[in-house]
Undergrad: 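This is the structure I have questions about; it appears just below.
Quick caveat: nothing in here was measured; it's all calculated off a predicted structure.
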Amino acid sequence: GRFLWALGVFLLGSVLILLMPAFTLNTTSTVRAEPVASIGVGLAILLAVPMAILLLFVTLVGIPLGLATLFGYALLLMLGYMTGALFIGDWTLGRFAPDRLESSGSRMLALFGALVLIAVARYVPLVGPLAILLLFLAGLGAWTRCAWRIFRPPAPDTAGS
């Protein structure tokens, strides 16, 4: 199961690197620039969304919306994990070959290396799982924050009032 998960994360990350290179770079730079805020938002999303889904399931009318939210939440969790791994890959690439950070192929290769590193880190007692959890929360929070910046409505212009 872990191999299929990692393969799915790699494929998702590769597609997003190719289709949305600026957005994926923005998410990884958000993890680097604001790690505590990203982890906080990631933790809030991880805990609050399942509670909202449960509340939707309580009402008969909310069940379809709850199901749709559940599927979206599963995708968001995968995106968070992918963003955390992509952060490790981009960070490593930026340290050792900063001129290759604009190359999609190099970023995909770095993502693959990061996924291997995360798989190995899983076996380090206590520190490995904790580091993976923090990385996942930072990725989840950074993805959510960057998507929010794009999709939020513009603030009303109060200068003319």
Side-chain angles (χ1 to χ4, degrees), residues 1-91 107-108 110-112 114-156 158:
R2 287 184 183 166
F3 173 76
L4 290 177
W5 170 261
L7 180 63
V9 169
F10 176 72
L11 291 174
L12 176 65
S14 296
V15 168
L16 292 177
I17 287 170
L18 291 171
L19 296 179
M20 302 182 336
F23 183 79
T24 56
L25 279 171
N26 193 18
T27 59
T28 59
S29 67
T30 299
V31 173
R32 184 178 52 255
E34 303 165 350
V36 175
S38 294
I39 289 170
V41 170
L43 183 61
I45 294 294
L46 185 69
L47 298 176
V49 173
M51 288 189 281
I53 291 170
L54 284 174
L55 288 174
L56 287 170
F57 279 135
V58 170
T59 66
L60 191 61
V61 177
I63 291 174
L65 185 57
L67 285 172
T69 306
L70 182 63
F71 290 122
Y73 182 64
L75 177 62
L76 184 61
L77 294 179
M78 188 176 216
L79 287 168
Y81 190 87
M82 183 271 312
T83 301
L86 193 56
F87 163 72
I88 295 294
D90 282 357
W91 180 83
R107 291 185 70 210
M108 285 188 270
L111 173 62
F112 179 79
L115 288 169
V116 170
L117 181 67
I118 291 169
V120 171
R122 183 180 318 275
Y123 296 104
V124 177
L126 190 63
V127 176
L130 180 62
I132 292 169
L133 174 65
L134 291 175
L135 183 66
F136 163 71
L137 290 175
L140 181 61
W143 178 271
T144 304
R145 294 177 75 211
C146 290
W148 176 254
R149 287 182 200 134
I150 290 173
F151 293 113
R152 71 175 175 212
T158 58

Undergrad: Partners of Phe23 by ring-ring contact (aromatic ring centres under 6.0 Å, His included), sequence neighbours excluded?
TA: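 In terms of ring-ring contact (aromatic ring centres under 6.0 Å, His included), with neighbours along the sequence ignored, Phe23 is linked to Trp143.
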
Undergrad: Who are the side-chain contact (heavy atoms from CB on, under 4.5 Å) partners of Leu54, not counting sequence neighbours?
TA: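 side-chain contact (heavy atoms from CB on, under 4.5 Å) list for Leu54, sorted by chain: empty.
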
Undergrad: For Ala110 versus Gly89, what's the shortest heavy-atom pair and its separation?
TA: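 Here Ala110 and Gly89 meet closest at CB-O, 3.4 Å.
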
Undergrad: Under 6.0 Å from the CD1 atom of Ile150, do we count more than 12 heavy atoms belonging to anything else shown?
TA: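 Atom CD1 in Ile150 is crowded, with more than 12 foreign heavy atoms closer than 6.0 Å.
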
Undergrad: Could you note down all residue pairs passing side-chain hydrogen bond (donor to acceptor under 3.5 Å, both in side chains) where residues 52-75 supplies at least one of them, sequence neighbours left out?
TA: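 For residues 52-75: none.
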
Undergrad: Would you say the side chain of Thr30 lies within less than 4.5 Å of the side chain of Ser38, judging by non-hydrogen atoms?
TA: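 A side-chain contact under 4.5 Å exists here.
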
Undergrad: Any chance you could measure Leu77, atom CG, to Met82, atom CE, to the nearest 0.5 Å?
TA: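 Taking CG in Leu77 and CE in Met82, the distance rounds to 12.5 Å.
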
Undergrad: Can you tell me how far apart CD1 (Ile53) and CG (Leu70) are? Round to the nearest 0.5 Å.
TA: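 CG of Leu70 is found 5.0 Å from CD1 of Ile53.
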
Undergrad: Can you find a pair of side-chain heavy atoms, one from Leu86 and one from Val31, that are under 4.5 Å apart?
TA: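 Counting from C-beta outward, Leu86 and Val31 never come under 4.5 Å.
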
Undergrad: Measuring only between side-chain heavy atoms, which start at C-beta, is Leu60 closer than 4.5 Å to Ile63?
TA: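 The answer is yes, as the side chains (C-beta and beyond) meet within the 4.5 Å cut-off.
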
Undergrad: Going by side chain to side chain contact (heavy atoms under 4.5 Å, CB included), Val15 matches just one of Ile17, Leu18, Leu19, Leu11. Which one?
TA: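 Testing each of Ile17, Leu18, Leu19, Leu11 against Val15, the sole residue satisfying side chain to side chain contact (heavy atoms under 4.5 Å, CB included) is Leu19.
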
Undergrad: Nearest 0.5 Å, please: how far is CE in Met20 from CG in Leu25?
TA: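 Result: 11.5 Å between the selected atoms.
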
Undergrad: If you take all heavy atoms of Leu135 and Gly84, which pair is closest and at what distance?
TA: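 Here Leu135 and Gly84 meet closest at CD1-O, 3.4 Å.
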
Undergrad: Can you list the residues that meet the salt bridge (charged side-chain N to carboxylate O under 4.0 Å, His left out) rule with Arg2, with sequence neighbours excluded?
TA: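 Scan of Arg2 (salt bridge (charged side-chain N to carboxylate O under 4.0 Å, His left out), adjacent residues dropped) gives none.
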
Undergrad: What residues, two or more places apart in sequence or in another chain, satisfy side-chain contact (heavy atoms from CB on, under 4.5 Å) together with Leu12?
TA: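 Once residues adjacent in sequence are excluded, the partners of Leu12 under the side-chain contact (heavy atoms from CB on, under 4.5 Å) criterion are Leu16, Met78, Leu79.
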
Undergrad: Check whether any side-chain heavy atom of Phe136 lies under 4.5 Å from a side-chain heavy atom of Thr83, and answer yes or no.
TA: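 Not in contact.
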
Undergrad: Would you name the heavy atoms of Ala6 and Leu115 that are closest together and state the gap between them?
TA: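 That would be O-CD1, 3.8 Å.
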
Undergrad: Name all pairs fulfilling the salt bridge (Lys or Arg N to Asp or Glu O under 4.0 Å) condition that reach into residues 35-53, sequence neighbours left out, sorted by first residue then second.
TA: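 Every candidate salt bridge (Lys or Arg N to Asp or Glu O under 4.0 Å) pair involving residues 35-53 fails, so no pair, neighbours aside, qualifies.
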
Undergrad: Does any pair with a residue in residues 10-19 pass salt bridge (Lys or Arg N to Asp or Glu O under 4.0 Å), and if so which ones, sequence neighbours excluded?
TA: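 For residues 10-19, and leaving out neighbouring residues, there are no salt bridge (Lys or Arg N to Asp or Glu O under 4.0 Å) pairs at all.
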
Undergrad: I'd like to check the ring-ring contact (aromatic ring centres under 6.0 Å, His included) partners of Phe10; sequence neighbours left out, ordered by chain and number.
TA: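 Only Phe112 meet the ring-ring contact (aromatic ring centres under 6.0 Å, His included) criterion with Phe10.
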
Undergrad: Just do the side-chain contact (heavy atoms from CB on, under 4.5 Å) check on Thr27 and Phe87 with the steps written out, would you?
TA: CA-CA 8 Å; Thr27 59; Phe87 163 72; over 6 Å; no

Undergrad: Enumerate the ring pair (Phe, Tyr, Trp, His ring centres under 6.0 Å) contacts for residues 48-69, please, sequence neighbours excluded, ordered by first and then second residue.
TA: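 Those involving residues 48-69 do not exist here.
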
Undergrad: Which distance, rounded to the nearest 0.5 Å, do you find between the CG of Leu56 and the CG of Leu65?
TA: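 Rounded to the nearest 0.5 Å, the CG-CG separation comes out at 5.0 Å.
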
Undergrad: Mind running side-chain contact (heavy atoms from CB on, under 4.5 Å) on Arg32 and Asp90 for me, showing each step along the way?
TA: CA-CA 10 Å; Arg32 184 178 52 255; Asp90 282 357; 5.7 Å; no

Undergrad: Using side-chain contact (heavy atoms from CB on, under 4.5 Å) as the criterion, list what pairs up with Val41, not counting sequence neighbours.
TA: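 Partners of Val41 under the side-chain contact (heavy atoms from CB on, under 4.5 Å) test: Ile45, Thr144, Arg145.
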
Undergrad: Go through the structure and list residues passing side-chain contact (heavy atoms from CB on, under 4.5 Å) with Leu55, not counting sequence neighbours.
TA: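 Not a single residue meets the side-chain contact (heavy atoms from CB on, under 4.5 Å) criterion with Leu55.
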
Undergrad: Check whether any side-chain heavy atom of Tyr81 sits under 4.5 Å from a side-chain heavy atom of Leu140, and report yes or no.
TA: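 Sidechains of Leu140 and Tyr81: no contact.
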
Undergrad: Please list all pairs passing the salt bridge (Lys or Arg N to Asp or Glu O under 4.0 Å) test where one or both residues lie in residues 3-22, with sequence neighbours left out.
TA: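 Sorted pair list comes back empty.
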
